[in-house]
There are 2 protein chains.
Amino acid sequence: MDIKPRQLEIMEAAGQLMTESGYAALTTKRLAERMGFSEPALYRHFKSKEEILTTMLTHLAQSMDERLTAVSEQVSDPAERVEAMFESHFSFFIENPHYLMAIFATGVLDQTPALERGIVALMEVKRRHLIATIKDGQAKGVFKAAFPAELLTLIAMGTFRLHMLRWRMSGRSFDLKKKGRILMKVVVELIRAK
Amino acid sequence: MDIKPRQLEIMEAAGQLMTESGYAALTTKRLAERMGFSEPALYRHFKSKEEILTTMLTHLAQSMDERLTAVSEQVSDPAERVEAMFESHFSFFIENPHYLMAIFATGVLDQTPALERGIVALMEVKRRHLIATIKDGQAKGVFKAAFPAELLTLIAMGTFRLHMLRWRMSGRSFDLKKKGRILMKVVVELIRAK
DNA sequence: ACAAAGCACGTTAGTGTTCACTAACTTAAA
DNA sequence: TTTAAGTTAGTGAACACTAACGTGCTTTGT
């Protein structure tokens with residue numbers, strides 16, 4: 001499925017609205033307003049509001065997969081690779097803040113199974129890359145092998161997510177990337193084999 | 001502010017609806033239906049829908065504060081205390097599943113500042129208790145002193161939150177407490193001074 | 001070469017549904 | 001007789017979405 005420029009604009013505007021003021025703020029009226037055209041014009045580009053969001057999520061999952069694959073190819077040391085992956089995340093979300101909704105929207109979207117599935121799929125992409133790296137690190141003796149890689153992965157992802165959430169709840173009052181780099185470095189040091 | 005029995009019933013029903021099917025599922029119509037009376041009867045007990053939710057959040061924050069204070073008094077060893085705190089959390093949410101909404105609803109409620117504030121306050125309660133315990137542990141040489149207690153706290157809380165989220169997204173398909181106990185034990189071992 | 005047909009992308013006006021909440025009345029107990 | 005806790009009926013506002021129409025560009029048949 002290829003995405004047309006206008007569709008991309010709409011997705012960006014939709015993400016902006018959600019990121020700024022939450023899921024409930026994303027109404028067809030406001031979205032059309034921000035796009036500078038009338039409400040029904042939206043339906044020339046997407047068949048429903050739900051389709052806008054599912055398209056965003058699959059698009060995001062794909063680009064994240066590519067990004068993390070690139071990081072894996074470029075950074076060979078597992079510890080450095082874990083840090084690079086999160087660094088890449090921070091950069092991405094700072095450059096594409098309209099996609100932040102995918103991280104914060106959990107639990108909002110439960111009434112629409114398609115959206116829930118999209119979010120789960122996105123988390124699975126990140127998990128897959130991270131767990132592979134941590135297992136690699138354990139095999140190479142870089143990370144502690146005494147604990148299951150699944151649990152270490154969960155710790156790293158959970159830390160990342162809460163960091164993002166706190167950044168948002170604070171009204172973006174601190175440097176996400178700078179603090180995040182320090183934080184994820186602590187996580188890496190904690191799981192590093194001494 | 002004391003809470004009447006009928007108010008408690010309504011809060012419980014509201015929490016159930018949200019926990020089962022998300023925030024959007026909580027409508028005055030459905031809530032009245034579940035309570036077995038008509039919609040306007042709700043307004044004899046709460047002046048608005050928002051008040052139901054803010055009351056729930058402050059009520060929860062208070063009971064959580066008491067619970068964590070009790071744990072702190074009963075368990076003196078910092079490492080054991082951290083584990084006991086999360087153990088207490090798991091037990092509480094299994095016994096009071098209607099309060100799960102407070103953990104999952106983040107980002108849903110942004111349009112209503114009062115709710116956002118309630119959620120932030122709740123997280124602060126948990127954070128305050130946890131950080132005090134971790135600092136205590138660092139002072140006693142139980143936890144690694146090389147990293148700021150703030151960051152270790154964030155790692156522990158983030159891990160807990162993601163564990164809860166995964167439990168929910170899996171359709172409660174695993175034993176929250178059993179897996180959670182193992183997971184939080186790993187976190188404690190990671191931050192333990194060797 | 002060029003009109004006709006089709007299509008992409010807008011418009012205005014309006015659909016039915018659902019929402020949180022209110023007005024006014026009833027009833028039983030204190 | 002006041003009050004707490006219900007009722008029926010209905011409010012306006014917001015929601016996602018549709019019908020029908022306009023208009024200019026591109027493709028196509030001859």
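In what follows, chains are A, B, ... by sequence order, proteins preceding strands, each numbered from 1.
Under a cutoff of 6.0 Å and an axis angle of 45°, A:Lys179 and A:Phe174 form a cation-pi pair.
Contact of the B:Phe37 side chain with the B:Arg6 side chain is registered, since non-hydrogen atoms from C-beta on lie closer than 4.5 Å. Side-chain contact between B:Leu17 and B:Thr27 is absent, with no heavy atoms from C-beta onward closer than 4.5 Å.
Here the side chain of A:Phe37 is nearest to one of D:dG6, C:dT11, C:dC19, namely C:dT11.
Residue contacts for A:Leu26: at a heavy-atom cut-off of 4.0 Å it reaches the sugar-phosphate backbone alone, with no base atom in range. Within the 4.0 angstrom heavy-atom criterion, base atoms lie near B:Thr28. Within the 4.0 angstrom heavy-atom criterion, base atoms lie near B:Tyr43. Within 4.0 Å (heavy atoms only), A:Ser38 reaches at least one base atom of the nucleic acid.
Look at CD1 on B:Ile52: it is 14 Å from P on C:dC19, rounded to the nearest Å. The nearest whole Å value for the distance from the NZ atom in A:Lys29 to the P atom in C:dT12 is 14 Å. Counting to the nearest Å, the P atom of D:dC15 and the CD atom of A:Glu33 are 10 Å from each other. Remark: C1' of C:dG10 and CD1 of A:Ile10 are 12 Å apart, rounded to the nearest angstrom. As rounded to whole Å, 10 Å separates atom C1' of D:dA5 from atom NZ of B:Lys4. Rounded to an integer number of Å, the gap from CG of B:Leu42 to P of D:dA4 is 18 Å. Protein atom CZ of A:Phe46 is 12 Å distant from nucleotide atom P of C:dC9, rounded to whole Å. B:Lys49 places its NZ atom 19 Å from the P atom of D:dA13, with the value rounded to the nearest Å.
A ring-centre distance under 6.0 Å is found for A:His163 and A:Phe90.
Under 4.0 angstrom from either OP1 or OP2 of C:dA8 there lies no side-chain N or O belonging to A:Arg6. Between B:His45 and the phosphate of D:dG6, there is a side-chain N or O to OP1/OP2 separation shorter than 4.0 Å.
Of the two residues near DNA chain D, A:Glu39 and B:Pro40, the one whose nearest nucleotide lies more 5' is B:Pro40. Between B:Glu50 and B:Arg44, it is B:Glu50 whose nearest contact on DNA chain C lies nearer the 5' terminus.
A salt bridge does not link A:Glu73 to A:Arg81: none of the charged nitrogens lies less than 4.0 Å from a carboxylate oxygen.
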